[in-house]
Every structure is written in structure tokens, then in C-alpha cells.
Protein chains: 2
Amino acid sequence: MKEQWIERIIEQAKDKYARTGVRLTTKRKRILKILLVSDIPLSAYEIADSYNNAFGESIPEMTVYRILNFFEQEHLSHKLSSTNKYVPCSHHSNSCTCEAPQFLICGKCQTAEEISISKAVMGELEKVALKAGYSLDESQLELKGLCNKCIGSEE
Amino acid sequence: MKEQWIERIIEQAKDKYARTGVRLTTKRKRILKILLVSDIPLSAYEIADSYNNAFGESIPEMTVYRILNFFEQEHLSHKLSSTNKYVPCSHHSNSCTCEAPQFLICGKCQTAEEISISKAVMGELEKVALKAGYSLDESQLELKGLCNKCIGSEE
DNA sequence: AAATGATATGTTATAACATATCATTTGGTT
DNA sequence: AACCAAATGATATGTTATAACATATCATTT
């Protein structure tokens with residue numbers, strides 16, 4: 001069940017941060033939960049609104065941004081630069097480094113799925129770049145399209 | 001010479017817009033020129049500053065955005081969503097539709113080069129997407145890395 | 001228990017990026 | 001000249017994000 005799944009992710013995160021000082025506070029847990037239960041990426045403001053609705057308590061924008069930055073450092077969430085919205089990292093393991101997250105974004109229902117593009121395919125992109133005189137870092141990719149559900153429901 | 005090259009692009013644009021009503025006004029020409037002479041992508045505010053410096057005349061932000069939107073429609077420029085900056089389209093021909101511009105962005109000197117990724121490679125990305133249940137639209141890609149110049153000058 | 005230090009959050013202000021709306025001007029057409 | 005559409009100006013506002021400084025909270029040491 002979804003609740004348990006979320007709790008497990010939070011537990012994992014807690015373990016991960018059972019190192020010097022870093023705390024997974026109530027606010028951080030709540031915001032992580034908000035990201036996890038949302039079907040779609042949320043803006044910082046939407047997160048703040050959601051926090052308000054869900055917990056009957058308002059949270060300053062500033063704090064939301066700080067927590068999102070914390071999540072980014074800790075690879076708990078990512079920012080989609082094409083939409084200025086935030087998603088939880090889908091790699092709930094200690095091994096994930098998430099240096100170059102890659103997403104499929106549905107232009108209709110706004111869902112964003114984090115995927116892994118194979119080294120082979122990324123290698124192709126790197127080749128293209130090399131030809132043009134660039135050496136690629138790990139680049140976050142945001143690919144736009146339609147998800148199966150939305151393709152099915154097109155008029 | 002660069003000046004002539006720019007004039008030619010503007011002439012081409014003018015021809016292209018010799019259709020009902022649409023005008024390539026002085027302001028539009030100047031802003032196109034600013035984009036063309038800049039080595040790096042510019043923000044809307046930087047464009048306004050540049051306009052001021054180059055022509056001793058200030059231009060409202062609003063107008064800059066409007067002109068950028070006009071350029072976008074007309075495929076004369078593109079927006080880089082990862083940096084909120086704007087670049088001239090590098091396809092100076094009437095045939096260009098630029099539905100999915102693709103860029104290499106240098107993380108050091110900020111240059112952005114518009115490239116064409118082959119259908120074969122894009123096809124690979126589409127396959128990855130299909131497996132994950134998405135059908136790709138033409139996606140703008142922004143790949144980060146280092147250009148040859150900057151690789152050479154690394155310490 | 002009090003002091004200290006580190007981490008987290010609150011508060012306020014402001015920067016940076018962008019759009020809405022309505023008034024006015026401009027330039028081509030009749 | 002009169003008209004009309006297109007472009008621009010002017011003003012207000014919305015949205016996204018960071019800076020700067022103060023306070024709270026928690027853990028550790030004294």
C-alpha cells in the first residue's frame with residue numbers, strides 16, 4: 001500500500017542521514033511525502049499550498065526552497081528546469097548518485113517519469129557532441145511526449 | 001565579415017515576413033542583431049541592457065519579451081529553459097521549422113551551439129521512451145558539457 | 001543544569017523572470 | 001486625410017528564487 005511504501009522510503013532516508021548532524025525533520029518528511037504522493041511535479045508554491053492543506057499549518061516559501069535544495073543535495077528530489085517543478089527521486093536506494101536524472105514528461109497530464117537511458121544511447125549523444133567540439137558532462141534530460149494513458153484518451 | 005552576415009540574415013527575415021502585416025521593425029532588427037552578435041545566450045534583461053548600451057535608448061522589458069515571443073513564433077530565436085536565456089536560431093533559411101532545437105551548452109564559457117542530432121540517434125531516444133510507455137514529441141534538448149576551448153584552458 | 005555549537009527554520013526584503021491589460025503611436029492602405 | 005491593423009509604451013501584477021539576518025531546536029560538552 002502506498003502509505004507503507006512512503007514510510008519505507010522515509011525510513012531509508014532516515015537511515016541514510018543517521019550520519020553527523022543531518023536531520024530528517026518533520027517538515028522535511030512532510031514535504032518529501034507531498035512530493036511522493038503527488039502524481040505530477042509540483043512547483044515550490046504548490047508544495048507550500050499542499051503543506052497548508054494537508055497539515056493545516058503554513059510554511060514559508062523560503063523554507064520550501066531550502067528543503068528542496070537539501071533534497072537536491074541528498075538526491076531525494078530533482079528539479080525539472082523545463083517546467084520549474086520538482087519531483088521526488090525515484091531511486092530509493094543508497095547507491096543512487098543521480099548525477100544525471102532523465103525524465104519523460106507527458107505534455108497532457110504532466111506526469112514525469114524518471115528513466116534510465118542506457119550507456120549505449122548516452123554514448124551516441126556524446127559522440128554527436130564530440131563531433132561538434134563539446135565533451136558532455138552528465139546532462140539532465142527532459143524529454144517531452146505523451147504517456148500511453150493520454151495517447152489512448154486523445155479525441 | 002560579421003556585419004554583412006548579420007545584414008543578410010536580417011534581409012532574409014525581412015523577405016520571409018513580407019506577408020500580411022508582419023513587420024520587421026527597427027526594434028526587432030536591433031534585438032535580433034544583439035542576439036546574433038552575442039557570443040553567449042542572453043537573458044531578457046541582458047538584452048534590454050545591451051539595447052540601451054548599443055543604441056543609447058532604453059527599451060521596456062515588456063517589449064523585449066514580446067519581441068522574443070515573436071521571434072519564437074517565427075523561428076528566429078529559441079529559449080534555453082535550463083538557463084532562462086535566449087539565442088538566435090542558427091537556421092537562417094526559410095525551410096527551417098525548428099520544432100525541436102537541440103543545444104550543446106558549455107558549463108564554463110556559457111556558449112550554446114545549436115546542433116542537429118541525427119534521426120538515428122533521436123530514434124534511439126524514442127525507443128527508450130516507448131519502452132517506458134511514452135511517445136515522444138519533438139523535444140528540445142539541452143546538453144551540458146565543456147567546449148573544446150574550455151577543455152584546453154582547464155587548470 | 002548551563003553553555004556551546006551545529007543544524008534548521010522564521011522573517012523580511014529583494015532579485016530575477018514573465019505576463020496581463022489598456023492606452024498610444026506608427027506605418028501602410030484606401 | 002482618414003482609417004485600420006500592428007507595434008509599442010506604460011503600468012500593474014504574477015511567478016520563481018535568493019540574500020541577509022534573526023531565532024529556534026537539538027546534541028554535546030562542561
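Hydrogens, waters and symmetry mates are skipped; everything else that's a heavy atom, side chains included, is used.
Summarising the geometry, the separation between CE on A:Met62 and P on D:dA22 is reported as 16 Å, rounded to the nearest angstrom. Rounded to a whole Å, the NZ atom of A:Lys29 is 12 Å from the P atom of C:dT9. In this structure, B:Leu68 places its CG atom 10 Å from P of C:dT19, rounding to the nearest Å. Nucleotide C:dT7 holds its P atom 12 Å from the CD atom of A:Gln73, rounded to whole Å. If you take NZ of A:Lys79 and C1' of D:dT16, they are 8 Å apart, rounded to a whole angstrom. For the pair B:Phe71 CZ and D:dA7 C1', the computed distance is 13 Å after rounding to whole Å. Going from atom OH of A:Tyr65 over to atom P of C:dA16 covers 15 Å, rounded to whole Å. Distance A:Leu24 CG to C:dT9 P: 10 Å, rounded to the nearest Å.
A:Lys85 comes within 4.0 angstrom of nothing in the nucleic acid, heavy atoms only. If you check every strand for non-hydrogen atoms under 4.0 Å, B:Pro60 touches sugar and phosphate atoms only.
Looking at B:Glu46, its side chain does come within 3.5 Å of a backbone N or O of B:Ser43 through a donor-acceptor pair. In this structure, the side chain of A:Ser50 does not engage the main chain of A:Ile34 through any donor-acceptor pair within 3.5 Å. Of the possible donor and acceptor atoms, none in the side chain of B:Gln102 sits under 3.5 Å from a partner among the backbone N and O of B:Glu142. With A:Ser38 contributing its side chain and A:Pro41 its backbone, the two residues share no donor-acceptor pair below 3.5 Å.
At D:dA7, none of the side-chain N or O atoms of B:Thr25 fall inside 4.0 Å of OP1 or OP2 (strictly under the cut-off). Under 4.0 angstrom from either OP1 or OP2 of C:dA18 there lies at least one side-chain N or O belonging to B:Asn84.
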Quiz item: After noting the C-alpha distance and the side-chain angles of B:Ile59 and B:Tyr51, does the key distance pass the side-chain contact (heavy atoms from CB on, under 4.5 Å) rule?
Solution: CA-CA 7 Å; B:Ile59 189 166; B:Tyr51 192 100; 3.8 Å; yes
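Nucleotides of DNA chain D nearest to A:Arg66 and A:Ala44 differ in position, and the one nearer the 5' end is that of A:Ala44.
Each ring pair (Phe, Tyr, Trp, His ring centres under 6.0 Å) pair with one or both residues in residues 102-147 of chain B, not counting sequence neighbours, appears once here: B:His78-B:Phe103.
The nucleotide whose nearest atom lies closest to any side-chain atom of A:Thr63 is, among D:dA17, C:dA20, C:dG10, C:dG10.
For the pair B:Arg28 and B:Phe71, the cation-pi test (distance below 6.0 Å, angle within 45°) is failed.
For DNA chain D, each stem of at least three Watson-Crick or G-U pairs (distances under 3.5 Å) is given as range with range: C:1-30 with D:1-30.
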